[in-house]
Amino acid sequence: MSWFILISKISFALCFAFCIYTLFRIISLGKPKDYAKTKGDINSSIKYSYTGGMSPVKKESAYLHLPTYIAGILYHLGTFLSLILFFLNVLGINLTNYLIIPIAVFLIISGICGVSILIKRIFKSELNSLSNVDDYISNVIVNVFQFVTIYYLFYLTPTYFVISAVLFLYLPIGKLKHAIYFFAARFHLGFFYGKRGVWPPQN
Amino acid sequence: MAELTEKNINKGLTILENFKDSKLLTNLNSCVHCGLCAESCVYYLTFKEPYFVPAKKVDLISSIYKRYFTFIGKYVPFLANTKEINDETAKEMVDLFFGACTMCGRCNLHCSIGIDIAYLVRTGRMMLAQMNLIPASIQSTVDSSIKTGNNMGITTEEFVDTIKWLEDELQDEMNDKHARIPLNDSNVNILYTLNPREPKFFPLSISAMAKIFYAAKESWTISTKMYDVTNYGFFTGNVDEATVISKRLYEEVINLDAKELILAECGHGSRAFRWEAPNYLKKEFDFDSNTSVELIAEYIKTGRIKVDKTKLKLRVTLHDPCNLVRNGGILKEQRYILDQVVSEFVEMTPHGIDNYCCGGGGGQLAMSEYNERRMKIGERKAEQIRNTNAKIVVTPCHNCVDQLMQLNSFYKLNVQIKTLAEIVADAIIID
Ligand code: SF4
Ligand code: SF4
């Protein structure tokens, strides 16, 4: 096995171990012990939190910022797709030629979305004042990962595995770990609103 | 501001150190700095400055957490702009957590991740409480509650006099010498609470509720020892003091052997007791705590009180208190009531769980140092009211009433502000 494949595999293993540890920590800490009498339906609310509560028509963060919202969604889809391709590569599964072009096109679009988000972060004062080095590094690493994935669809290059390794090693350090915490945050919001009968919405 | 000592800093940090469950850990690690929560907050919408984006509050507490408790904060602090607690940070914490947030929770609903931003603000306030940095203005309200049993420092004698006078008025109005505002009766169905603003400034809202109880032939009482529904300890973040206040009300329900506690029209008070007190006292209560809004809706639905919606001809709108609606799930009841007691009702846009805070929440009315900000952020509410063309604004919260009254005169809205009980009492038909 080449050294670059090896380091990408080791990095992935470390990243995976971190994700499992974080997940285990979240689960073992558990949900809040709330002694108040339940007013609503907690399970339905949690379900709503992952579904209707995330609908773009319900969230100002989506419908007031449609271009950014769509760019964000595409960017995330591109990241997931790139990760799936990484696993396929590591497992030695090759894509058929019919799939390569549409995937490459999609990744170009998602990559452009990522760059647009980065540009917005640099130039929009509200975002700029919120941002730290980690925000920029995370954005750049994921973008480079997506672009190098496109390149790798056509030409084999060790850089692909090195960049993948950087991504996996960086994930536990910076904000990319929201990939795990996001699900826990939706759970807690659903729990809170379900307990009090706020969600699922009454109107 | 009190002096920031090493000991106080360490006490503040204990709030971030001991996770009781995964909620705090999750919320401290979830913000992606997308900034999309900005337009959901009345502060940002008013001032349009990056400083007032809700995520700034998330970032402040997260960056302190990261500085002291994470690898990145300890070894590469510049990466996540982590923050040490020093005089400058402490000043920013006080200003952002106390002076730039009503804890309305509107941003929670709209955050692209689903972070409970108001909960983090409350956690920040808990840190400041540990660090002895609660603004003196709001702390004095808590001190008064602890010392006198109510946040306005009303003496028992003064309170009893007011109630007796209101009882005389009730007897005259009902033309019934047996009409009562019972004090300290035991073994009743309902122990009713008040916001101390009522005996102090708005006694007519007590009369209104007494008339409703009279019409419903309810067995009820008010305790002279503990009638205050408010709990500003919830807002200051001092859990020990919030617990003392909650415990007094809890014990009074037990002492008087009341079957149910009815929480007066006070958003934060009802939230603090119904949702927080069981957690302060770490037990499930063996009696029900409901709001007067739910009770009145039940009275009308079951025919225990009769109302005439044609009596009031003016157009009415409703302000939804954040603590009652977005944080308490009470939404339909007030609409049902208004549908029964007024002839023309119009909603604000937006309303319900999406409603904007009036600007007086989170203890803002008790912190005069932020008055200017408070009146400015209230402009959005004033515009909402103006757009309805209503002549009466109803709100089931005395705190909101106070803020809306100030907005009414400041923005020249020319409306009347009423509680739900007042508007129901006007529509009641006494057989
Ligand atoms: S809780 Fe309300 S006031 Fe506080 S940041 Fe969120 S939207 Fe703004
Ligand atoms: S919307 Fe949520 S995730 Fe985005 S900046 Fe605001 S608090 Fe952070």
**Report entry** Beyond-backbone contact of B/I262 with B/T291, side-chain heavy atoms, under 4.5 angstrom
**Finding:** no
Query raised in the report: Can a donor-acceptor pair be found between the side chains of B/H319 and B/Q384 at a distance below 3.5 Å?
Result: no
Query - Contact leader toward chain A among B/A277, B/G35, B/S112, where contacts are heavy-atom pairs under 4.5 Å - result: B/S112
Query - Which atoms of A/K33 approach chain B - backbone, side chain, both or neither, heavy atom under 4.5 Å - result: backbone
Query raised in the report: Is the ring centre of A/F145 less than 6.0 Å from the ring centre of A/Y170?
Result: no
Query raised in the report: Under a 4.5 Å heavy-atom cut-off, does chain A meet the side chain of B/Y119, its backbone, both or neither?
Result: neither
Report task. Select, from B/D59, B/D116, B/V32, B/V53, the one with the greatest count of heavy-atom pairs under 4.5 Å involving chain A. Result -> B/V32
Report summary line: Assert top hit (heavy-atom pairs under 4.5 Å, partner chain B, pool A/Y35, A/W199, A/F187) equals A/Y35
Query - chain B contact via A/A184 - side chain, backbone, both or neither, heavy atoms under 4.5 Å - result: both
Query raised in the report: Of all of A/Y136, A/F182, A/F191, which one pairs up most often with chain B through heavy atoms under 4.5 Å apart?
Result: A/F182
Query raised in the report: In terms of side-chain heavy atoms, does B/N231 have a donor or acceptor partner in B/E276 at a distance below 3.5 Å?
Result: no
Report task. Under 4.5 Å heavy-atom distance to chain A, tell me which part of B/A38 shows up: side chain, backbone, both or neither. Result -> neither
Report summary line: The interface call for A/I137 against chain B, heavy-atom contacts under 4.5 Å, is side chain
Query - Modelled atom types, side-chain donor and acceptor of A/D135 and B/H33, under 3.5 Å - result: yes
Requested in this report: Would you kindly check if the NZ (Lys) or CZ (Arg) of A/R186 is within the cone defined by 45 degrees around the ring axis of A/Y50 and under 6.0 Å from the six-membered ring centre?
Outcome: no
Query raised in the report: Is it true that the NZ or CZ of B/R106 lies under 6.0 Å from the centre of B/Y356's six-membered ring and within 45 degrees of the ring axis?
Result: yes
Report task. Below 4.5 Å from any heavy atom of chain A, which atoms of B/K282 appear? Answer side chain, backbone, both or neither. Result -> both
Report task. Below 4.5 Å from any heavy atom of chain B, which atoms of A/Y69 appear? Answer side chain, backbone, both or neither. Result -> neither
Report task. Select one option (side chain, backbone, both, neither) describing which atoms of A/Y193 are under 4.5 Å from chain B's heavy atoms. Result -> side chain
**Report entry** Heavy-atom closest contact (A/A71 atom, A/C113 atom, distance)
**Finding:** O-CB, 3.4 Å
Query - Interface moiety of B/K23 toward chain A, non-hydrogen atoms closer than 4.5 Å - result: both
Query - Flag for B/R274-B/S289: side-chain donor and acceptor within less than 3.5 Å - result: no
Query raised in the report: Counting N and O atoms only, with roles assigned by atom type, does the side chain of B/R271 sit under 3.5 Å from a partner on the main chain of B/N323, one being a donor and the other an acceptor?
Result: no
Query raised in the report: Are B/K57 and B/Y43 in a cation-pi contact, defined as NZ or CZ under 6.0 Å from the six-membered ring centre and within 45° of the axis?
Result: yes
Query raised in the report: In terms of heavy-atom proximity below 4.5 Å to chain B, should A/I173 be classed as side chain, backbone, both, or neither?
Result: both
**Report entry** Contacting moiety of A/I26, where chain B heavy atoms sit under 4.5 Å
**Finding:** both
**Report entry** B/F285, part contacting chain A, at a heavy-atom distance under 4.5 Å
**Finding:** backbone
Query - Closest-packed option against chain B by number of heavy-atom pairs under 4.5 Å, given A/S61, A/S28, A/A36 - result: A/S61
Query raised in the report: Does any heavy atom of chain B fall under 4.5 Å from the side chain of A/K31, the backbone, both, or neither of them?
Result: backbone
**Report entry** Partner of A/I163 under side-chain contact (heavy atoms from CB on, under 4.5 Å), chosen from A/T149, A/V148, A/T157
**Finding:** A/V148
Query raised in the report: Does a side chain donor of either A/Q146 or A/S82 reach within less than 3.5 Å of an acceptor in the other side chain?
Result: no
Report task. Examine whether an atom of A/T68 lies under 4.5 Å from a heavy atom of chain B, and if so say whether it belongs to the side chain, the backbone or both; otherwise answer neither. Result -> side chain
Report task. Report the option among B/I72, B/I115, B/I330, B/N81 that has the most heavy-atom pairs separated by less than 4.5 Å from atoms of chain A. Result -> B/I72
Report task. Return yes if a side-chain donor-acceptor contact under 3.5 Å exists between B/H110 and B/D354, otherwise no. Result -> yes
Query - Atom group of B/C111 that falls short of 4.5 Å from chain A, counting heavy atoms - result: backbone
Report summary line: One option among A/K195, A/H188, A/E126 has the most heavy-atom pairs under 4.5 Å with chain B, and it is A/H188
**Report entry** Under 4.5 Å from any heavy atom of chain B - which part of A/D34
**Finding:** both
Query raised in the report: Regarding B/Y68 and B/E84, is there a side-chain donor-to-acceptor distance under 3.5 Å anywhere?
Result: no
Query raised in the report: In terms of heavy-atom pairs under 4.5 Å, which option from B/N327, B/V325, B/N108, B/N27 contacts chain A the most?
Result: B/N327
Requested in this report: Could you tell me which of A/H178, A/K124, A/K177 has the largest number of non-hydrogen atom pairs under 4.5 Å with chain B?
Outcome: A/H178
